[in-house]
Amino acid sequence: MSGCPGGTGRLTVDLDAVRANFAAIAAHVAPAVCAAVVKADAYGLGAPFVASALYREGCRSFFVAHLSEALTIARVLAPDSEIFVLNGLEPGYEPLCADRGFIPVLNAPEQVGAWRALAIERGRALPAALQIDTGMSRLGMDLDCAVRLANDAALTEQLSLRLLMTHLACADTPDHPANADQLARFAAVRSLFPAVPASIANSAGAVLGDEYHFELVRAGLALFGTVSTGTGAVPRPAVRLDARVIQLRTIEPGEGVGYGLAHIASSPQRLATLGIGYADGWPRSLSGCGAAWFKDVRLPIVGRVSMDCMTVDIGALPQDALRHGDFVELIGPNQSAVEVADDAGTIDHEILARLGTRFQRLFIESGVTDIQSPRGLQ
Ligand SMILES: *Cc1c(COP(=O)(O)O)cnc(C)c1O
């Protein structure tokens, strides 16, 4: 028992598994560089821990979404790391971004202009990535803009171009024709900037074929082992989530459970209330579907998932198998994040990224466990 209360449940991150998944992808995409995408607090798991473990595994290129996330991981990374900020320059914070040596992904001509102006002011070239939109209509500059920049001789005096990138809309659907379309458009843009390293692939893109690797692959979800890395190496699941039993009861036929009394017992029913709810990122859409597990016994969710708790049917367990304070599995060997996502009608990215701040977090690396209190307690 650690010295601090455990909060709503326990999130265990196997950093050895994260490192092994990274090493497998890095070996698969070599000689391309494997970069780690640790945005959104490393998909809800804890960016400082994940990023520093990856650094120890040899990773030197990191991507986050926001400047604030770059500041968080910079605290744990040595200066030989590069940190790219995917969502671009934050207006008003260009000087901070430059002071810290972060590499903004410039997504619009105005951002290129602001960064160049700062470079002139400081009298030195600033590092930058250029993102080109090759068909997703989300972030990045259009092809005309890319041509204009390529023909602008002063550009490379002001910007040290570290990466030319784009993002695939349909990488998780390997047969989708948009993948080859985007690849062809990106190859054309790339020929305008022959000296600049290029990148098109996220985790799913990295397994579409070697022609998608270019010089750098941006691996996010695959680091956590919820999906195949497509590399031939078996992915090692890195995440386990356990919820605490906070009350046990038996209800009689006709009695209802939870908000809206959305479940009514048709026979005597043994229930456990678990201390995790939608405020912890456990989807409310799992009301009346989905499950928890105890050992290898499935415990279906009954009634609605509420903010801080939910109720499961424990009729399949022997009497007295569970006690107040015990843990049951929500993500782990019996139930993957992908299965939870399927039940909830979403994708595993969302299940992980929404994991809340009230868990006790256990980070395991090389046999050592680092226990973190729920956020706000430290
Ligand atoms: C999130 C993100 C990634 C990583 O995606 P995964 O599917 O988690 O591998 C890569 N590139 C960009 C631009 C992203 O936004």
Side-chain angles (χ1 to χ4, degrees), residues 13 17-18 21-22 24-26 28-29 32-45 47 50-51 54 59 61-67 69-70 73 82-89 102-108 111 128-141 162-174 176 178-179 182-183 185-186 189 197-208 212-231 235 237-239 336-338 341 346-355:
V13 183
V18 175
N21 293 327
F22 173 82
I25 304 165
H28 176 71
V29 304
V33 166
C34 184
V37 182
V38 291
K39 60 193 180 186
D41 199 22
Y43 294 52
L45 303 180
V50 170
L54 289 168
C59 184
S61 300
F62 297 85
F63 284 80
V64 293
H66 300 290
L67 183 57
E69 296 174 342
I73 65 163
E82 51 183 11
I83 304 176
F84 293 88
V85 181
L86 287 166
N87 277 12
L89 272 180
F102 301 144
I103 308 171
V105 175
L106 303 176
N107 291 313
Q111 293 176 26
L130 297 180
Q131 175 148 229
I132 309 302
D133 176 25
T134 53
M136 191 175 181
S137 311
R138 188 183 72 165
L139 282 173
M141 294 174 270
R162 304 281 282 273
L163 193 68
L164 181 73
M165 62 171 277
T166 192
H167 193 52
L168 294 167
C170 304
D172 52 4
T173 312
H176 201 294
N179 293 321
Q182 287 194 263
L183 180 66
R185 277 188 218 127
F186 189 56
V189 176
S199 174
I200 189 172
N202 63 350
S203 299
V207 298
L208 290 176
Y212 287 83
H213 296 165
F214 290 90
E215 280 74 42
L216 181 143
V217 164
R218 308 183 304 267
L221 192 69
L223 299 172
F224 308 114
T226 69
V227 285
S228 164
T229 55
T231 62
V239 185
S336 70
V338 174
T346 182
I347 55 172
D348 41 346
H349 291 75
E350 186 177 0
I351 297 297
L352 295 187
R354 292 180 62 176
L355 292 174

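Every number for a ligand or one of its atoms is a count from 1 in the order of the listing. Computation of the quantities below employed the complete heavy-atom set of this structure, encompassing side-chain atoms and omitting hydrogens, waters and symmetry-equivalent molecules.
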Is the contact between [X] and ligand 1 made by the side chain, the backbone, both, or neither, using heavy atoms and a 4.0 Å cut-off?
X      : answer
Gln131 : neither
Phe63  : neither
Leu139 : neither

Review point. Out of curiosity, is Arg138 lining ligand 1, as in a heavy atom under 4.0 Å away?
Key: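 It does; at least one heavy atom falls under 4.0 Å.
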**Study point:** Salt bridge flag under 4.0 Å for residues Lys39 and Glu69
**Key:**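 Salt bridge: no.
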Do [X] side-chain atoms and [Y] backbone N/O form a donor-acceptor pair below 3.5 Å?
X      : Y      : value
Gln111 : Asn107 : yes
Arg218 : Ser199 : yes
Ser203 : Gly220 : yes
His213 : Ala206 : yes

Exercise for review: Run the numbers for me: atoms of ligand 1, each under 4.0 Å from some heavy atom of Leu221, listed by number.
Suggested key: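 Taking each heavy atom of Leu221 in turn, ligand 1 has 6 (P), 8 (O), 9 (O) under 4.0 Å.
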Looking only at protein heavy atoms, which one is nearest to [atom], and how far off is it?
atom                    : value
atom 15 (O) of ligand 1 : Lys39 NZ, 2.7 Å
atom 11 (N) of ligand 1 : Arg218 NE, 2.9 Å
atom 8 (O) of ligand 1  : Tyr43 OH, 2.5 Å
atom 9 (O) of ligand 1  : Ser203 OG, 2.5 Å
atom 5 (O) of ligand 1  : Asn202 CB, 3.4 Å
atom 7 (O) of ligand 1  : His349 NE2, 2.9 Å
atom 13 (C) of ligand 1 : His167 ND1, 3.5 Å

Point to revise | Full working for ring-ring contact (aromatic ring centres under 6.0 Å, His included) between Phe214 and Phe186 | key: CA-CA 10 Å; Phe214 290 90; Phe186 189 56; 5.1 Å; yes
Practice item. Take Tyr43 and Phe224 through the ring-ring contact (aromatic ring centres under 6.0 Å, His included) test and state the conclusion after the steps. Key: CA-CA 9 Å; Tyr43 294 52; Phe224 308 114; 5.5 Å; yes
Check your understanding: Which heavy-atom pair separates Val33 from Ser61 by the least distance, and what is that distance?
Key ->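 Minimum heavy-atom separation between Val33 and Ser61: CG1-OG, 4.1 Å.
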Review point. Ligand 1 and Leu86, any nitrogen or oxygen pair closer than 3.5 angstrom?
Key: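 Min N/O separation from ligand 1 is not below 3.5 Å for Leu86.
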Exercise for review: Identify which one of Gln131, Met165, His167, His66 satisfies the side chain to side chain contact (heavy atoms under 4.5 Å, CB included) criterion when paired with Leu86.
Suggested key: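 Single side chain to side chain contact (heavy atoms under 4.5 Å, CB included) partner of Leu86 among Gln131, Met165, His167, His66: Met165.
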